[in-house]
Q: 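Provided herewith is a single structure, encoded as structure tokens, for subsequent inquiry.
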Amino acid sequence: MNITHIDELERIQMPDGFVWRPVRSHFGIRAFGVNVYTPSTPDSQIVEEHTENQLGHQELYLVLRGRAAFTVGDDSFELGQGQLVFVRDPSLRRGAVAVDADTAVLAVGAKPGEAFQPSAWELGFRASQMEPREAVAYVEQYMSEYPESAATYYNLACGRALAGDPAGALDALERAADMDADAVRKWAENDTDLDSIRDDPRFAKAVGA
Amino acid sequence: MTDRAWETARIDEIPRLGKTWIPIRRHFDIGAFGINAWTAEGDGDEIIGEHVEQTGHEELYFVSSGHATFTVGGAEIDAPAGSLVFVRDPEMKRKAVAREAGTTIMAVGAKVGEAFEASAWEVTGEMWPLYEAGDYEGGARILREALERDPDPALYYNLACMEALLGQSEQAIEHLSRAVDEPRFRETASTDSDLDSIRDDPRFVELLSPRT
């Protein structure tokens, strides 16, 4: 059935303190990005601090209930139920902290002038909740539904390295490095997830060390 | 219109167009997706008129306050505040009726696989101030321009009203005939005083008769 209530949405608790309540993937929406966020503790993060530089999305946030303290660029302000903030500029850093424990925020996003594609971070967020083997199986099954990204292949490399598949990990790492060598070099530098493949010659070649 | 990097608004303070339409996308000039809200004045009012998505949009509705009953593809859906209702198929008929005065529903929409373009029917927002100022020629011009992009029934309905007010009966009847396949426009037309100048025309009576 294509109806649900915000309180019935799945809860995916993220390390920053916010809880991702997936809406787009719940319904299988393919035309725009949409999610709900709630706090894990009364005054925790509710909207992750981030920019939209990679995706180029315009974002609209609506406080569904409660109150949240937003920071957008250099500005800070509190918004209550029924208040909207539209962030046109993808490069502006934005985030929010819950003021009330039952606060819920809806976010809608897409890039002007381009057909929408689901954001690959959805894969990473979900996989981060799973054991390595499960995460690898999950990402392998669903990655074709998302645009290819260096981050997805990099996370796959980490998962495979942890799950005891060094050859698969190196394949994924090489693929990630082909897509964004600079980012992969930075990510891989001190990432213990990759320790089991760090001494392989293919590793040094992939990360340009 | 603005190019500000960010801005805020309260849903209930965004200037309405007509009594019920809260044009969120236009207010912020959002270029990436469609988003609007509608609010009901009374219990039992139709908030979302029955329609299919001629634009081909996927639509997500969110009941931000009050309580509504949706009818989607013939199925009734009870939707208290906080409910999300997704309609994937643009061809599926959908509508929503308020169960409480002041019920507000937001709708987000865009087309799968295509860059977003603002829907032609949104120009009725530009038409409204002209209509209220009695500039029916100006209103009709905006609607005709939009109809060149998109043959939307709401645009045809409003154009028929402008033409009826201008005494252009033939055009008004012709354009009304392109709107009334949608039941909501037959219903609205039955009491809309804008159309009084053509109400006694036998063709008008025929246009409003129930479809078999």
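Note on naming: letters A, B, ... go to the chains in the order of the sequence lines (proteins, then strands), and numbering restarts at 1 for each one.
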Q: Given side chains that start at C-beta, do those of A:Val34 and B:Leu60 come closer than 4.5 Å, heavy atoms only?
A: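 Answer yes - side chains close enough.
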
Q: Between A:Arg65, A:Glu114, A:Lys111, which residue shows the highest count of heavy-atom pairs closer than 4.5 Å to chain B?
A: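 Ranked by heavy-atom pairs under 4.5 Å with chain B, first place is A:Glu114.
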
Q: Tell me if a side-chain donor or acceptor on A:Gln58 pairs with a main-chain N or O of B:Gly31 at a distance below 3.5 Å.
A: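 Side chain of A:Gln58 to backbone of B:Gly31: a pair is present.
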
Q: Can you see which heavy atom on B:Thr8 is nearest to which on A:Phe77, and at what distance?
A: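 In terms of heavy atoms, the two residues are closest at CG2-CE1, 3.6 Å.
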
Q: Looking at B:Glu187, I want to see if its CD is surrounded by more than 12 non-hydrogen atoms of other residues, nucleotides or ligands under 6.0 Å.
A: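 At most 12 heavy atoms, drawn from other residues, nucleotides or ligands, come within 6.0 Å of this atom.
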
Q: Go through A:Leu79, A:Leu60, A:Ile29, A:Leu9 and name the one with the most non-hydrogen pairs under 4.5 angstrom from chain B.
A: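 Highest number of pairs under 4.5 Å: A:Ile29.
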
Q: So what's closer than 4.5 Å to chain A heavy atoms on B:Ile14: side chain, backbone, both or neither?
A: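 Interface part for B:Ile14: side chain.
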
Q: Could you report the tightest heavy-atom contact between B:Asp78 and A:Ile3, atom names first, then the distance?
A: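 Between these two residues, the closest heavy atoms are O-CD1, 3.6 Å.
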
Q: Where is the tightest heavy-atom contact between B:Asp29 and A:Arg88, given as atom of each residue plus distance?
A: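 Scanning both residues completely, I find the closest heavy atoms to be O-NH2, 3.6 Å.
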
Q: If we only count heavy atoms from C-beta on, is the A:Leu84 to B:Ile24 side-chain gap below 4.5 Å?
A: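 With C-beta onward as the side chain, the pair touches.
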
Q: How close do B:Ala32 and A:Pro112 get, counting heavy atoms only, and between which atoms?
A: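 Taking every non-hydrogen atom into account, CB-N, 3.7 Å.
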
Q: Nearest 0.5 angstrom please: B:Met106 CE to A:Leu106 CG, how far?
A: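 The CE atom of B:Met106 sits 5.5 Å away from the CG atom of A:Leu106.
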
Q: Are there more than 12 heavy atoms of other residues, nucleotides or ligands under 6.0 Å from atom OH of A:Tyr142?
A: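 Not more than 12 within 6.0 Å, no.
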
Q: Okay, side chain of B:Arg88, backbone of A:Gly28: is any donor-acceptor separation there less than 3.5 Å?
A: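 Yes, B:Arg88 side chain to A:Gly28 backbone: donor-acceptor pair under 3.5 Å.
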
Q: Given that the side chain runs from C-beta out, which part of B:Phe62 has a heavy atom under 4.5 Å from chain A: side chain, backbone, both or neither?
A: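 For B:Phe62, the contact with chain A is made by the side chain alone.
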
Q: Heavy atoms under 4.5 Å from chain A: which residues of residues 147-163 of chain B carry them?
A: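 The residues closer than 4.5 Å to chain A amount to none at all.
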
Q: To the nearest 0.5 Å, how far apart are CZ in B:Phe33 and NE2 in A:His57?
A: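 Taking CZ in B:Phe33 and NE2 in A:His57, the distance rounds to 9.5 Å.
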
Q: Can you name the closest pair of heavy atoms from B:Leu84 and A:Phe27 and give their distance?
A: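 Here B:Leu84 and A:Phe27 meet closest at O-CZ, 3.7 Å.
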
Q: Could you tell me which portion of A:Gln81 (side chain, backbone, both or neither) has an atom closer than 4.5 angstrom to a non-hydrogen atom of chain B?
A: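 When you check distances to chain B, atoms from both the backbone and side chain of A:Gln81 fall under 4.5 Å.
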
Q: With a 4.5 angstrom heavy-atom cut-off, is it the side chain or the backbone of B:Ala37 that approaches chain A, or both, or neither?
A: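 For B:Ala37, no heavy atom lies under 4.5 Å from chain A.
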
Q: Only heavy atoms, only distances under 4.5 angstrom. Which residues in residues 107-117 of chain B are near chain A?
A: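 Within residues 107-117 of chain B, the residues that come under 4.5 Å of chain A (heavy atoms only) are B:Val108, B:Gly109, B:Ala110, B:Lys111, B:Val112, B:Gly113, B:Glu114, B:Ala115, B:Phe116.
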
Q: Just give me the residue among A:Leu62, A:Val23, A:Asp7, A:Asp75 that pairs up with chain B most often, heavy atom to heavy atom, under 4.5 Å.
A: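 With the most close heavy-atom pairs to chain B, the winner is A:Asp75.
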
Q: Verify the ring-centre separation between B:Phe28 and A:Phe86: is it less than 6.0 angstrom?
A: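 They qualify: ring centres under 6.0 Å apart.
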
